[in-house]
Visitor: 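Got a structure for you, questions after.
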There are 2 protein chains.
Amino acid sequence: MRIGELSRRTGVSVPTIKFYVREGLLPAGRLTSPNQAAYDETHVRRLRLIRALMDVGGLSVAAVREVITAVDDPERPVHALLGEAAERMVPRYGGEPAEGEEGDGEEDGGLVEARERVDALIREREWRCFPGSLAAEALAVALAALGAVGHERFAEVLDDYADAAERVARADLEYVGRHVVREELVESVAVGTVLGDALFAALRRLAQIDASDRLFGGKGEKGTEGEKEKE
Amino acid sequence: MRIGELSRRTGVSVPTIKFYVREGLLPAGRLTSPNQAAYDETHVRRLRLIRALMDVGGLSVAAVREVITAVDDPERPVHALLGEAAERMVPRYGGEPAEGEEGDGEEDGGLVEARERVDALIREREWRCFPGSLAAEALAVALAALGAVGHERFAEVLDDYADAAERVARADLEYVGRHVVREELVESVAVGTVLGDALFAALRRLAQIDASDRLFGGKGEKGTEGEKEKE
DNA sequence: GCTATCTGATAGTGCCACTATCTATGATGG
DNA sequence: CCATCATAGATAGTGGCACTATCAGATAGC
């Protein structure tokens, strides 16, 4: 198929497809003549992956490129890939939130303390991961941020969160073991990690709405009344 | 305190503080003379809230403004805030993933089907929430995206995810009931929802790394044996 | 008085994800 | 054969966003 059909089938505009090729997210089409190229199902699939990661997972072009590079590299040992894939896609909150750069001694945002707490958690649960990994740091940053806004005691529910996280991780791996063939393993982990975050966040919100309605709302009727869709 | 000290104490630059005031995220200081204003602890706290929501939660300025508007409104019932804060915080690109706009009849991205599945889930679990809420729609979009990239069977683990979500929501509400006084309720829910997402995502990644190491890795390094849970 | 700091305003910056436009070439069809 | 259309590839531009720079004029505190 030519680029026009690829565009139609994926809902991505032609210039945007060219942009993705330039950015290294999508392999170029196979040239059949100096100004004609053929695209196939792999391009359709890849394009859908890109859009899913960006639209639903909220990843940037650069992040998508990293994920895709890992997905495309056939050399990497599976387990390294899994760890890496999971590591690399800490969405946006992953970078350097520049939380303690003022360094005036007055505050470090409680990051040091939070890191200790994270290390302790990992030790307690005997999780096999580097304590200094990006995910561990992201966790510490989130904990420190909670402390900074006056919710340091939120850490008390950390264990409940960790239980839930273990359950989700177990479900993920079970799914992978059940349905995924070896060549698709890495992509599945990438997809599952990114889209799974969005999935879980949405579920959590629904469950929260339900729980808070039962606790605080629940003026007899069902459902949050009003609930104006948008503005 | 004057703006310089506020800046020092929070690590936010003076121009940025002024920017937040202009944007309606932060109340202006109390003017003590035509060109001097005094700031207090509430400004420090608010500024930290803003940075936490943006840096850790990944919210945009506009999203932070909406959350803060809700936080500042003393009339707002808690569960209405949940509907608001919880649903407004799809990262930066989040709003309308524009997933089915091609509408050429060929594909709708499976959104319709996904919505049905979501409605069924809500019914089964007897969750008290409006089935057309943004959270429900976000869930449907995530499910549809999974289907579009060839992982429609991922929906099989939806129940495990939902169990975990319920557990987290229960922990959230428990925390709120234990530690939060009425005036801070709304802010706590906002903070907990946004930062809780980041917290859980990080925990999930750690748990995944652990689980995948147990399943696929451990080639002679630390903790060799497989110890696979099932199957 | 002198200097550092402040308010409030306007304009500018840098990044990012596209999007527009152009040339030259080849495909398609009557 | 020739008109019309789609295409590759390249360069430049757009719009949104989160700041950031600069300025004038006023004040604080020594």
Side-chain angles (χ1 to χ4, degrees), chain A residues 1-40 43 47 50-66 68 91-93 95-98 101, chain B residues 1-40 43 47 50-68 89-98 101:
Chain A
M1 95 188 69
R2 297 194 291 170
I3 203 171
E5 191 181 342
L6 181 61
S7 169
R8 243 168 288 120
R9 289 208 30 212
T10 58
V12 180
S13 77
V14 170
T16 299
I17 291 174
K18 289 182 175 182
F19 170 70
Y20 290 159
V21 172
R22 279 201 305 280
E23 292 293 315
L25 307 189
L26 187 70
R30 183 177 45 82
L31 276 181
T32 58
S33 70
N35 69 334
Q36 294 288 301
Y39 302 84
D40 57 28
H43 292 93
L47 221 29
I50 293 168
R51 298 311 310 207
L53 293 177
M54 295 183 78
D55 292 341
V56 182
L59 266 60
S60 67
V61 163
V64 171
R65 182 165 42 231
E66 288 195 62
I68 274 174
R92 194 180 339 281
Y93 4 94
E96 235 54 31
E101 82 291 49
Chain B
M1 90 188 72
R2 297 194 291 168
I3 203 170
E5 191 180 342
L6 180 61
S7 168
R8 243 167 287 121
R9 291 218 14 220
T10 58
V12 179
S13 76
V14 170
T16 299
I17 292 174
K18 290 182 177 182
F19 170 70
Y20 289 159
V21 171
R22 279 201 306 281
E23 292 294 315
L25 307 190
L26 187 70
R30 183 176 45 82
L31 277 181
T32 58
S33 68
N35 68 335
Q36 296 287 304
Y39 302 83
D40 58 28
H43 292 93
L47 222 28
I50 293 168
R51 299 311 310 207
L53 293 177
M54 294 184 77
D55 292 341
V56 183
L59 266 61
S60 66
V61 164
V64 171
R65 181 166 43 231
E66 292 193 61
V67 171
I68 274 174
M89 64 191 47
V90 207
R92 223 152 284 205
Y93 316 82
E96 241 51 32
E101 83 290 51

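On a predicted model such as this, the values are computed, not experimentally measured, just so you know. So that the names make sense, note that chain A is the first sequence line, chain B the second, and so on, each numbered from 1. All values below were derived from every heavy atom in this structure, side-chain atoms included, with hydrogens, water molecules and symmetry-related copies excluded.
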Visitor: Establish, with yes or no, whether the OP1 or OP2 oxygen of dT19(C) is under 4.0 angstrom from a side-chain nitrogen or oxygen of Thr16(A).
Guide: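 It does, given that an N or O in the side chain of Thr16(A) lies less than 4.0 Å from OP1 or OP2 of dT19(C).
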
Visitor: Output the single nucleotide from dA18(D), dT7(D), dA12(D) whose closest atom is nearest the side chain of Ser60(B).
Guide: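 Nearest to the side chain of Ser60(B) among the choices is dA18(D).
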
Visitor: In this structure, how many angstroms lie between the P atom of dC17(D) and the CZ atom of Arg65(B), rounded?
Guide: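 Result: 10 Å.
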
Visitor: Decide side chain to side chain contact (heavy atoms under 4.5 Å, CB included) for His43(B) and Met1(B); before the verdict, give the C-alpha distance in whole Å, the side-chain angles of both, and the deciding distance to 0.1 Å.
Guide: CA-CA 10 Å; His43(B) 292 93; Met1(B) 90 188 72; over 6 Å; no

Visitor: From the options dA27(C), dT20(D), dC18(C), select the nucleotide whose nearest atom is closest to the side chain of Phe19(A).
Guide: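 Of dA27(C), dT20(D), dC18(C), dC18(C) is nearest to the side chain of Phe19(A).
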
Visitor: Which whole-number value in Å describes the distance from Leu31(A) CG to dA6(D) P?
Guide: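 Roughly 20 Å, once rounded to whole Å.
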
Visitor: First locate atom CG of Leu47(B), then atom CZ of Arg9(B), and finally report the distance between them rounded to the nearest 0.5 Å.
Guide: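 Here the interatomic distance stands at 10.5 Å.
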
Visitor: Is the phosphate of dA8(D), meaning OP1 or OP2, less than 4.0 Å from a side-chain N or O of Tyr39(A)?
Guide: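 Yes.
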
Visitor: Which sits closer to the 5' end of DNA chain C, Ser13(A) or Pro34(B), going by the nucleotide each is nearest to?
Guide: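 In this pair, the answer is Pro34(B).
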
Visitor: For the base of dT20(D), is there a side-chain donor-acceptor partner from Arg22(B) under 3.5 Å away?
Guide: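 Per atom types, the contact qualifies.
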
Visitor: Just to confirm, is there a sub-4.0 Å distance from OP1 or OP2 of dC18(C) to any side-chain nitrogen or oxygen of Tyr20(A)?
Guide: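 Checking Tyr20(A) against dC18(C): at least one side-chain N or O falls below 4.0 Å of OP1 or OP2.
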
Visitor: Taking side-chain contact (heavy atoms from CB on, under 4.5 Å) as the criterion, tell me which of Leu25(B), Ile50(B), Val12(B) meets it with Ile17(B).
Guide: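 Running side-chain contact (heavy atoms from CB on, under 4.5 Å) over Leu25(B), Ile50(B), Val12(B) with Ile17(B) returns exactly one hit, Val12(B).
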
Visitor: Just the rounded figure in Å: distance from P of dG26(C) to CZ of Arg30(A).
Guide: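 Going from CZ in Arg30(A) over to P in dG26(C) covers 17 Å.
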
Visitor: With no angle test and no hydrogens, is the base of dT5(C) tied to the side chain of Arg8(B) by a donor-acceptor pair under 3.5 Å?
Guide: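 Not at all, since no donor on one side and acceptor on the other fall under 3.5 Å apart.
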
Visitor: If you define the side chain from C-beta out and look only at heavy atoms, does anything of Lys18(B) sit under 4.5 Å from Ile3(B)?
Guide: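 Result yes, sub-4.5 Å side-chain heavy-atom pair found.
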
Visitor: Just the rounded figure in Å: distance from P of dA6(D) to CG of Asn35(A).
Guide: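 After rounding, the reported distance stands at 14 Å.
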
Visitor: Rounded to the nearest angstrom, tell me the gap between atom CD1 in Ile17(B) and atom C1' in dA9(C).
Guide: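 Going from Ile17(B) (CD1) to dA9(C) (C1'), I get 18 Å.
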
Visitor: Which is more 5' along DNA chain D, the nucleotide nearest Val14(A) or the one nearest Ser33(B)? Just name the residue.
Guide: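 Going by which nucleotide is closer to the 5' end, it is Val14(A).
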
Visitor: Between the main-chain N or O of Gly24(A) and the side-chain N or O of Arg65(A), is there a donor-acceptor pair closer than 3.5 Å?
Guide: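 Here the side-chain-to-backbone pair does not exist.
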
Visitor: Between Arg51(B) (CZ) and dA18(D) (P), how many Å, whole number?
Guide: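 To the nearest whole Å, that distance equals 11 Å.
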
Visitor: Lys18(A) has an atom NZ; how far is it from atom C1' of dG13(D), in whole Å?
Guide: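 Value for this atom pair: 16 Å.
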
Visitor: Separation of Arg2(B) atom CZ from dC6(C) atom C1', in whole Å?
Guide: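 Going from CZ in Arg2(B) over to C1' in dC6(C) covers 6 Å.
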
